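Shown next, in structure tokens, is the structure this report addresses.
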Amino acid sequence: MAHPQNKYADFDGLRERAIALRRAGLSRRQIRDRLHVDNNDILNRLLEGEPPPEWTKRPNAKDDLRDKARELRLQGWTYDRIQVELGCSKSSISLWVRDLPTPERKKRTREEASAIAKRGWEVTLRLREEERQQTKQVAAGEIGRMSGRELFLVGVGLYWAEGSKDKPYDRRENVTFVNSDPGMIQVFLAWLDPLGVEPEHLRYCVMIHESADVTGAEQYWANLVGADRTAFNKTTIKKHNPKTVRKNVGETYRGCLTIKVRQSAELYRRIEGWWCGIVGAATSTD
């Protein structure tokens, strides 16, 4: 079992989260409970230099919370709902309203229950999204500069995962790559460059549903790869099936881009050989 102090090992990451919560208007108690920091010295270091929210600095801030909690309790609010609204602990709420009668439970409509649940999750979801984006940014920074060999190996794996492959029953010794992710397309093209593949040997084709913005998608892919529209073959239009509920819709849907390398049988054989070499090296017991 990990030592209890290990949970504070990523102090810088924990501090960034604590500051984000502070700037979102949360109190020390709320931050402590949210991050599970039960050491006041650690909490002080996490929040060092970060001023408290204005509402916590008022002399009568707690009195205001108490009065508001009592008012909401008299309106029939539950402890959970008051806690979400005011951001204070249930123990404080219980102490403030213990002399008030327990409100009669009212049956909420589905719309009311949904609105309450949504309101209670808004702050949590926003903080989760901030954490999600922060994790991605930190991870992206861990990559740093990529060497030529690293790009070479990434490209081989990328092609073998997403590119067309030769089969004994269906000979396809040509380099063809299809993807809808702009990043995958950019990495693939960056990989082809040091392999000596000239731009004039590349042909492109957009594949997209007829219900989408076909012209906009064509222009998007042309801009992304930096190629003249003359390098593009006729766009492949997929017929729309009204019975199919598709998720890939909206402004961000631009179909897929096919990249074909002309006269690429020799290159394909080398790619297959490189992949076999990677497999052999990765599984070697030496």
Side-chain angles (χ1 to χ4, degrees), residues 1-139 141:
M1 180 179 294
H3 192 277
Q5 292 299 322
N6 287 348
K7 66 180 181 179
Y8 304 130
D10 184 15
F11 182 83
D12 291 338
L14 197 62
R15 174 170 164 78
E16 289 183 9
R17 293 174 60 193
I19 290 176
L21 292 170
R22 193 59 151 169
R23 293 177 180 176
L26 274 67
S27 66
R28 285 173 59 89
R29 177 189 292 274
Q30 291 172 299
I31 295 172
R32 183 196 67 190
D33 294 344
R34 190 70 60 85
L35 300 183
H36 306 291
V37 175
D38 48 16
N39 185 308
N40 284 330
D41 290 336
I42 294 293
L43 185 61
N44 289 337
R45 290 173 56 198
L46 291 174
L47 297 174
E48 184 177 1
E50 192 64 26
E54 289 297 327
W55 69 268
T56 64
K57 295 187 290 186
R58 298 197 308 270
N60 62 338
K62 185 165 290 189
D63 291 338
D64 290 348
L65 281 176
R66 177 181 178 277
D67 292 343
K68 185 62 177 176
R70 291 179 64 83
E71 177 186 339
L72 296 176
R73 187 61 169 174
L74 288 172
Q75 294 177 19
W77 286 37
T78 63
Y79 284 6
D80 288 337
R81 192 177 174 192
I82 295 174
Q83 181 184 31
V84 169
E85 176 71 17
L86 303 183
C88 47
S89 67
K90 284 187 181 180
S91 59
S92 294
I93 297 170
S94 176
L95 182 64
W96 295 337
V97 306
R98 61 185 178 181
D99 61 313
L100 299 180
T102 302
E104 181 182 348
R105 289 187 175 274
K106 297 184 297 183
K107 186 175 181 180
R108 301 189 184 100
T109 65
R110 181 178 297 180
E111 291 75 14
E112 289 173 335
S114 177
I116 292 172
K118 180 179 179 182
R119 187 175 182 180
W121 275 99
E122 281 179 349
V123 173
T124 300
L125 291 176
R126 175 167 56 82
L127 292 174
R128 283 183 180 177
E129 181 59 26
E130 290 176 358
E131 293 176 1
R132 184 180 295 111
Q133 295 304 324
Q134 180 182 346
T135 300
K136 293 179 182 179
Q137 291 174 8
V138 171

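As a basis for the values below, the full set of heavy atoms in this structure was taken, side chains included, without hydrogen atoms, waters or symmetry mates. Remember, predicted model here, so these are calculated numbers, not experimental data.
At distances below 3.5 Å, at least one donor-acceptor pair connects side-chain atoms of Arg15 with backbone N or O atoms of Leu46. Arg32 contributes no side-chain N or O that, together with a main-chain N or O of Asp38, makes up a donor-acceptor pair within less than 3.5 Å. A donor-acceptor contact shorter than 3.5 Å links the side chain of Thr135 to the backbone of Glu131.
Using a 4.5 Å heavy-atom threshold, the side chains of Thr102 and Arg73 count as touching. Looking only at side-chain heavy atoms (C-beta outward), Glu130 and Arg17 stay at 4.5 Å or farther from each other. Contact annotation: the side chain of Lys90 never approaches that of Leu95 to less than 4.5 Å [non-hydrogen atoms, C-beta and beyond]. By the 4.5 Å heavy-atom criterion applied to side chains, Leu21 and Arg34 are counted as neighbours.
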Evaluate Arg70 against Asp99 for salt bridge (charged side-chain N to carboxylate O under 4.0 Å, His left out), listing each step before the verdict. CA-CA 10 Å; Arg70 291 179 64 83; Asp99 61 313; 2.8 Å; yes
Yes or no on side-chain hydrogen bond (donor to acceptor under 3.5 Å, both in side chains) for Ser92 and Ser89, after CA distance, side-chain angles and deciding distance? CA-CA 5 Å; Ser92 294; Ser89 67; 3.1 Å; yes
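In terms of the side chain to side chain contact (heavy atoms under 4.5 Å, CB included) criterion, residue partners of Arg45 (sequence neighbours excluded) are, by chain and number, Phe11, Ile42. Not counting sequence neighbours, Asp41 has no partner by the salt bridge (charged side-chain N to carboxylate O under 4.0 Å, His left out) test. With sequence neighbours excluded, no residue forms a salt bridge (charged side-chain N to carboxylate O under 4.0 Å, His left out) with Asp33. Applying the salt bridge (charged side-chain N to carboxylate O under 4.0 Å, His left out) criterion to Glu129, with sequence neighbours excluded, gives Arg132. Scanning for salt bridge (charged side-chain N to carboxylate O under 4.0 Å, His left out) contacts around Glu71 gives Lys68, with sequence neighbours left out. Not counting sequence neighbours, the partners of Glu85 by the side chain to side chain contact (heavy atoms under 4.5 Å, CB included) test are Leu72, Trp77, Arg119.
Taken from CG in Leu74 to CG in Leu100, the straight-line distance is 5.0 Å, to the nearest 0.5 Å. The distance from atom CG of Leu65 to atom CD1 of Ile82, rounded to the nearest 0.5 Å, is 11.5 Å. Taken to the nearest 0.5 Å, the CD atom of Gln30 stands 8.5 Å off from the CD atom of Gln83. A distance of 5.0 Å separates CG of Leu47 from CD1 of Ile31, quoted to the nearest 0.5 Å.
In this structure, Leu26 and Arg22 approach most closely via the heavy-atom pair O-NH1, 3.1 Å. Scanning all heavy atoms of the two residues, the minimum distance from Ala69 to Trp96 falls at CB-CE3, 3.7 Å. Nearest heavy atom pair, residue Gln134 against residue Gly13, reads NE2-O, 3.9 Å. Across every non-hydrogen atom of Leu43 and Arg28, the tightest pair is CD2-NH2, 3.6 Å.
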